[in-house]
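Atom set for the values below is all heavy atoms of this structure, side chains included, hydrogens, waters and symmetry mates excluded. Lettering follows sequence order; numbering is per chain, from 1.
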Amino acid sequence: MSLPKRYVLVIAEKPRAAAKIAEALGAGSKLTIGGIPVWIGRFRGRDFVIAPTAGHLFTLHTDEKGFPVFNYSWGPRWVYEPGSKHLAKFYDALRRLSPNAEHYINACDYDIEGSVIGYNIIRHLGDVTRASRVKFSALTKEDIRKAFEDPQPLDWGNIESGLARHVLDWIWGINVSRALTRIYQKLSGERATLSAGRVQSPTLIELVERYVEREAFVPTPLFTVSVKVLCGGKEFTLTNGFDPFRRQEDARRLAKVLRSKKLVVKSAEKRVVSLAPPPPFNLTELQLEAARVFGYSPARTLEIAEELYLRSLISYPRTNSEKIPPTVDNSQILQRLTGLPEVGAYASELLRRGLLVPREGPGEDPAHPAIHPTGYLPTRELGREESNVYELVVRRYLASFYPSSTVEELVYTIVEPETGTEFRLAGRRVVSQEWLRVYHYRKVTALELPALRTGEEVPVTSVEVVKLYTRPPPLYTKATILRWMESVNIGTEATRAEIIEKLFERGYVRGSSINATELGLEVAQILGTLFKEITEVELTRELERKLREIAFGKVRRESVIEEAVSKLRPKLEEVKRVLSDSEAEELKRRLGLSAGLRCRVCGRDSVGEEDGVPLCQLHLRAYRNLKEAYAAWREGTGVGFEEYLETLSRLPKLGRLVKEVVAYLRNSVR
DNA sequence: GCAAGGTC
């Protein structure tokens with residue numbers, strides 16, 4: 001079949017969506033244009049051609065070198081972006097289809113980016129005065145047909161808002177990246193491509209901050225007692241019902257009392273706790289769980305999920321939703337899943353028990369449901385990683401239909417009668433497994449306790465004074481920094497993992513427990529000093545507020561962009577001026593990156609002095625922590641300053657920055 | 001070359 005003379009051109013965001021739309025509209029004949037699948041059909045008396053893009057076909061670009069740069073325009077991505085040559089054929093197909101279209105319908109995902117993707121194509125290749133928007137939130141026949149029966153005018157609010165997002169991210173990102181690259185080159189003499197952006201920079205700062213916090217952390221000692229008792233012929237370690245002591249003496253005194261006295265069961269409490277099943281996955285939760293269970297990086301998990309999606313085994317993975325809408329036929333999916341080895345039995349059980357309503361989580365997504373199995377079974381053997389992630393998704397989906405598990409907890413409160421010091425001994429038993437059987441990645445470990453009566457004496461077998469040290473928060477991993485990004489709402493489902501990888505590629509961070517590199521520390525300092533805004537999550541909040549105002553027509557896109565330009569331009573010009581007429585040393589001073597002296601500890605530029613000692617930003621922090629922590633040490637153990645330093649220097653896990661300051665202080669005393 | 005956002 002060949003193309004009709006005139007037709008309505010429907011633009012879908014991706015080939016799979018185009019196929020779904022074609023099916024729903026009964027557009028049965030398919031042909032390919034330059035390798036791109038296109039569907040033809042009639043709907044309500046008109047000829048339709050349905051054609052896909054593959055996400056954004058256009059991008060912002062400029063021919064100008066250097067900074068500041070505020071002249072940009074939209075152009076085809078395949079021309080301007082390396083690695084996007086595959087888009088040329090989508091571009092060609094749409095360019096060839098556009099001239100004979102009497103009308104255009106933007107049928108991309110119903111979100112802001114979808115509005116921009118379709119708008120840019122119609123604007124550059126077609127005619128926006130003959131265009132409509134269709135809105136459907138699920139790729140089901142009913143939703144699609146309903147949307148096409150009632151096409152709407154183009155959604156200008158979303159389009160304007162989306163265009164502004166692109167432009168603002170571009171002018172901030174490109175300008176600050178270029179300025180940063182030039183500054184670093186002048187300061188270090190090294191050529192490296194550096195980058196900064198609204199999402200990557202606050203993420204880098206968070207990683208650097210956590211790294212520095214740990215390296216500059218000074219542990220302080222705490223003292224507690226470890227008590228073992230004999231119950232029913234078995235030895236148990238009690239849980240203390242009190243906080244550790246700051247003074248060693250207090251712990252020793254308590255230990256002495258406990259060794260000489262009897263412990264008595266004060267009360268026994270039994271309670272039944274119910275554990276609700278988890279909701280089906282959104283992408284973040286899948287990435288976190290795959291990291292926890294299998295150790296996969298978030299980027300790898302997305303890659304695997306993408307593959308499973310392309311094989312029709314699971315639904316679209318780039319979603320924030322934790323809900324399965326009623327349009328999804330759960331009983332049909334379960335019916336098909338009964339054919340799976342092992343987990344198939346759970347699907348049968350759900351059908352037999354009539355458990356067909358999954359638990360919902362709070363996550364929402366305008367375009368897609370939670371990640372769930374489609375019910376299609378693997379036709380050929382899956383690789384190990386694919387099979388792991390597939391099973392994770394299936395088990396999670398199945399678990400979400402099950403009732404809560406119930407766990408019985410038994411808690412004894414055990415007391416030393418004279419001082420009233422309380423301890424706890426807690427046991428638990430799973431009464432009904434329910435979803436825990438299916439989702440075996442979560443375990444509730446049972447601990448059986450003997451029966452004890454209230455008032456019963458419990459013999460103490462050992463009491464020890466234990467010295468603990470305060471600890472800094474753990475370094476981030478790829479999975480935990482991803483969770484942080486989601487919690488502060490920067491980046492999107494589709495981009496977060498990629499942006500984390502970018503920080504590694506640039507050489508800003510390294511390690512599976514994420515450390516900052518020298519380069520990362522320097523970039524953080526330059527950005528924090530000169531472009532503070534781009535290092536803060538607040539920039540995104542501000543952006544979102546403005547984008548909402550644009551979407552509601554309260555403010556024009558141009559004025560929001562002008563405002564950003566007027567804020568950025570003077571900063572960039574100042575940096576440029578200083579760059580062109582200063583040498584490296586003077587540059588540092590004029591940009592506030594150096595106070596002119598060298599850090600006594602490491603020889604880097606100092607940012608200030610403490611007790612007459614010039615120190616860099618990092619060692620200054622460690623130095624101050626060291627002075628502050630000494631007060632707690634003296635109070636807790638009565639050590640003198642030199643002994644304090646000596647004890648610290650022998651701690652195996654002491655942070656690097658503190659270790660260096662300790663070594664410096666011990667040497668300079670000598 | 002630099003962003004962040006789509007998708008393959």
Side-chain angles (χ1 to χ4, degrees), chain A residues 11-18 35-37 52-69 72 74 77-78 80-90 108-121 161-185 191-204 302-303 305-307 309-311 316-319 367-368 485 490-503 505-506 523 527 531 534 539-540 543-544 547 564 568 572:
Chain A
I11 296 150
E13 191 160 316
K14 46 195 165 263
R16 293 197 144 238
I36 300 300
T53 174
H56 284 288
L57 217 45
F58 291 85
T59 186
L60 287 166
H61 78 104
T62 185
D63 295 327
E64 285 180 26
K65 303 283 172 211
F67 73 94
V69 50
Y72 48 82
W74 288 94
R77 273 188 62 196
W78 62 272
Y80 297 109
E81 244 180 74
S84 58
K85 288 282 169 283
H86 65 288
L87 291 176
K89 53 187 200 291
F90 286 93
C108 295
D109 289 355
Y110 195 61
D111 51 30
I112 286 181
E113 292 302 325
S115 295
V116 173
I117 291 167
Y119 167 78
N120 269 335
I121 291 167
S161 169
L163 292 172
R165 203 280 304 151
H166 280 267
V167 170
L168 292 170
D169 275 342
W170 190 89
I171 59 180
W172 270 99
I174 301 296
N175 279 295
V176 176
S177 295
R178 288 181 178 182
L180 176 66
T181 303
R182 287 277 311 279
I183 293 167
Y184 183 75
Q185 193 187 338
R191 266 192 106 87
T193 298
L194 303 183
S195 63
R198 175 177 57 81
V199 178
Q200 66 170 268
S201 297
T203 307
L204 172 65
L302 175 53
E303 227 170 71
E306 178 76 34
E307 178 62 29
Y309 162 69
L310 291 174
R311 289 210 207 169
Y316 190 70
R318 294 185 198 90
T319 174
H368 308 283
M485 291 171 83
I490 59 174
T492 67
E493 296 301 318
T495 59
R496 284 180 195 128
E498 231 173 277
I499 287 173
I500 294 167
E501 296 301 326
K502 192 174 288 185
L503 297 175
E505 283 160 24
R506 294 256 181 276
V523 166
L527 292 179
F531 301 101
I534 210 167
L539 188 64
T540 292
L543 176 89
E544 282 168 351
L547 295 187
L568 259 171
L572 292 161

Check your understanding: Base, sugar-phosphate alone, or nothing: which one does A:Y80 contact when heavy atoms must sit under 4.0 Å apart?
Key ->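 Since no nucleic acid heavy atom lies under 4.0 Å of A:Y80, the category is nothing.
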Review point. Is the NZ or CZ atom of A:K14 both under 6.0 Å from the centre of the six-membered ring of A:Y316 and within 45° of that ring's axis?
Key: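 Yes.
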Practice item. Show your reasoning for whether side-chain hydrogen bond (donor to acceptor under 3.5 Å, both in side chains) applies to A:E13 and A:T53. Key: CA-CA 5 Å; A:E13 191 160 316; A:T53 174; over 6 Å; no
**Study point:** A:Y184-A:R182 side chain donor-acceptor pair, cut-off 3.5 Å
**Key:**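 Checked: A:Y184/A:R182 side chains show no N/O donor-acceptor pair below 3.5 Å.
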**Study point:** Selection from B:dC2, B:dC8, B:dG5 that lies nearest to any side-chain heavy atom of A:P15
**Key:**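 Per side-chain heavy atoms of A:P15, the pick is B:dC8.
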Check your understanding: Under the 3.5 Å rule, do the base of B:dA3 and the side chain of A:T59 count as making a donor-acceptor pair?
Key ->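 Donor-acceptor pair under 3.5 Å: yes.
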Check your understanding: So what does A:G491 touch, heavy atoms closer than 4.0 Å: a base, only the sugar-phosphate, or nothing?
Key ->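 A:G491: backbone/sugar contact only, no base atoms under 4.0 Å.
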Exercise for review: Name the nucleic acid region contacted by A:L60, choosing base, sugar-phosphate or nothing; use a 4.0 angstrom heavy-atom cut-off, strictly under.
Suggested key: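 If one applies the 4.0 Å heavy-atom cut-off, A:L60 turns out to touch a base.
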Practice item. Just call it for A:D109: base, sugar-phosphate, or nothing, with non-hydrogen atoms closer than 4.0 Å on any strand. Key: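 Sugar-phosphate, no base atom in range.
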Point to revise | Side chain of A:H166 - closest among B:dT7, B:dC2, B:dA4 | key: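 The answer is B:dA4.
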Exercise for review: Check the distance between B:dC2's P and A:F67's CZ and give it to me in whole angstrom.
Suggested key: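 Going from A:F67 (CZ) to B:dC2 (P), I get 17 Å.
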**Study point:** 5' priority, DNA chain B, between A:H61 and A:T492 [closest heavy atom]
**Key:**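 By nearest-heavy-atom nucleotide position, the 5'-most residue is A:H61.
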Point to revise | Out of B:dA4, B:dC2, B:dT7, whichever nucleotide has its closest atom nearest the side chain of A:R198 | key: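 Among B:dA4, B:dC2, B:dT7, the one nearest the side chain of A:R198 is B:dA4.
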Practice item. Could you state the atom-to-atom distance from CG of A:L503 to C1' of B:dA4 in whole Å? Key: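 A:L503 atom CG is separated from B:dA4 atom C1' by 13 Å.
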Review point. From B:dT7, B:dC8, B:dA4, pick the nucleotide closest to the side chain of A:L87?
Key: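 For the A:L87 side chain, the nearest candidate turns out to be B:dC8.
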Review point. Hey, does the side chain of A:R178 come within less than 4.0 Å of B:dA3's phosphate (OP1/OP2), counting only N and O?
Key: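 Checking A:R178 against B:dA3: no side-chain N or O falls below 4.0 Å of OP1 or OP2.
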Review point. What's the NZ-C1' distance between A:K89 and B:dC8, to the nearest Å?
Key: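 Nearest whole value for this atom pair: 8 Å.
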Practice item. Answer with base, sugar-phosphate or nothing: what part of the nucleic acid does A:E81 contact at a heavy-atom distance below 4.0 Å? Key: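 Base contact.
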**Study point:** Residue A:A494, side-chain atoms from C-beta onward, closest of B:dT7, B:dA3, B:dG5
**Key:**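 Looking only at heavy atoms from C-beta outward on A:A494, the closest nucleotide is B:dT7.
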Point to revise | Whichever of A:N175 and A:I499 has its nearest DNA chain B nucleotide further upstream toward 5' | key: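 The residue closer to the strand's 5' end, by nearest nucleotide, is A:N175.
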Check your understanding: Looking only at side-chain N and O atoms, does A:K502 come under 4.0 Å of OP1 or OP2 in B:dA3?
Key ->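 For B:dA3, OP1/OP2 do have a side-chain N/O of A:K502 under 4.0 Å.
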Check your understanding: Counting just side-chain N and O atoms, does A:R165 come under 4.0 Å of either OP1 or OP2 of B:dG5?
Key ->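 Indeed not, no polar side-chain atom of A:R165 lies that close.
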Review point. What is the distance, rounded to the nearest whole Å, between atom CH2 of A:W170 and atom P of B:dA4?
Key: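 It is 14 Å, rounded to the nearest whole Å.
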Check your understanding: Given B:dT7, is OP1 or OP2 found less than 4.0 Å from the side-chain N or O atoms of A:Y309?
Key ->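 For B:dT7, neither OP1 nor OP2 has a side-chain N or O of A:Y309 closer than 4.0 Å.
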Review point. Please give, in whole Å, the distance from B:dT7 C1' to A:E113 CD?
Key: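 It is 12 Å, rounded to the nearest whole Å.
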Check your understanding: Considering only B:dG1, B:dG5, B:dA3, which nucleotide approaches the side chain of A:T495 most closely?
Key ->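 Looking only at heavy atoms from C-beta outward on A:T495, the closest nucleotide is B:dG5.
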Check your understanding: Does the salt bridge (Lys or Arg N to Asp or Glu O under 4.0 Å) test come out yes or no for A:E498 and A:K502, once each step is laid out?
Key -> CA-CA 6 Å; A:E498 231 173 277; A:K502 192 174 288 185; 6.0 Å; no
Check your understanding: Of all the choices, B:dC8, B:dG5, B:dG1, which nucleotide is nearest to the side chain of A:E306 once you look at every atom?
Key ->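 The answer is B:dC8.
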Practice item. State which residues pass salt bridge (Lys or Arg N to Asp or Glu O under 4.0 Å) with A:R178; sequence neighbours excluded, sorted by chain then number. Key: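 If we apply the salt bridge (Lys or Arg N to Asp or Glu O under 4.0 Å) test to A:R178, skipping adjacent residues, there are no hits.
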Point to revise | ring pair (Phe, Tyr, Trp, His ring centres under 6.0 Å) partners of A:H166, counting only residues at least two apart | key: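 Scan of A:H166 (ring pair (Phe, Tyr, Trp, His ring centres under 6.0 Å), adjacent residues dropped) gives A:H56, A:W74.
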Exercise for review: Using only side-chain N and O atoms of A:R506, determine if any of them is under 4.0 Å from OP1 or OP2 of B:dA3.
Suggested key: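 The answer is yes; a side-chain N or O of A:R506 sits under 4.0 Å from OP1 or OP2.
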Review point. Given atom CE of A:M485 and atom C1' of B:dA4, what is their separation to the nearest angstrom?
Key: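 For the pair A:M485 CE and B:dA4 C1', the rounded distance is 10 Å.
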Check your understanding: For A:R496 and B:dG5, what is the distance between atoms CZ and P respectively, to the nearest whole Å?
Key ->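 About 8 Å, once rounded to whole Å.
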Exercise for review: Classify the nucleic acid contact of A:G173 as base, sugar-phosphate or nothing, counting any heavy atom under 4.0 Å across all strands shown.
Suggested key: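 If one applies the 4.0 Å heavy-atom cut-off, A:G173 turns out to touch the sugar-phosphate alone, with no base involved.
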Check your understanding: What integer distance in Å separates A:L180:CG from B:dG1:P?
Key ->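 Distance check: A:L180 CG to B:dG1 P gives 17 Å.
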Practice item. Could you pull out the closest heavy-atom pair between A:L87 and A:A54, with the gap in Å? Key: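 For A:L87 and A:A54, the tightest heavy-atom pair comes out as CD2-O, 3.8 Å.
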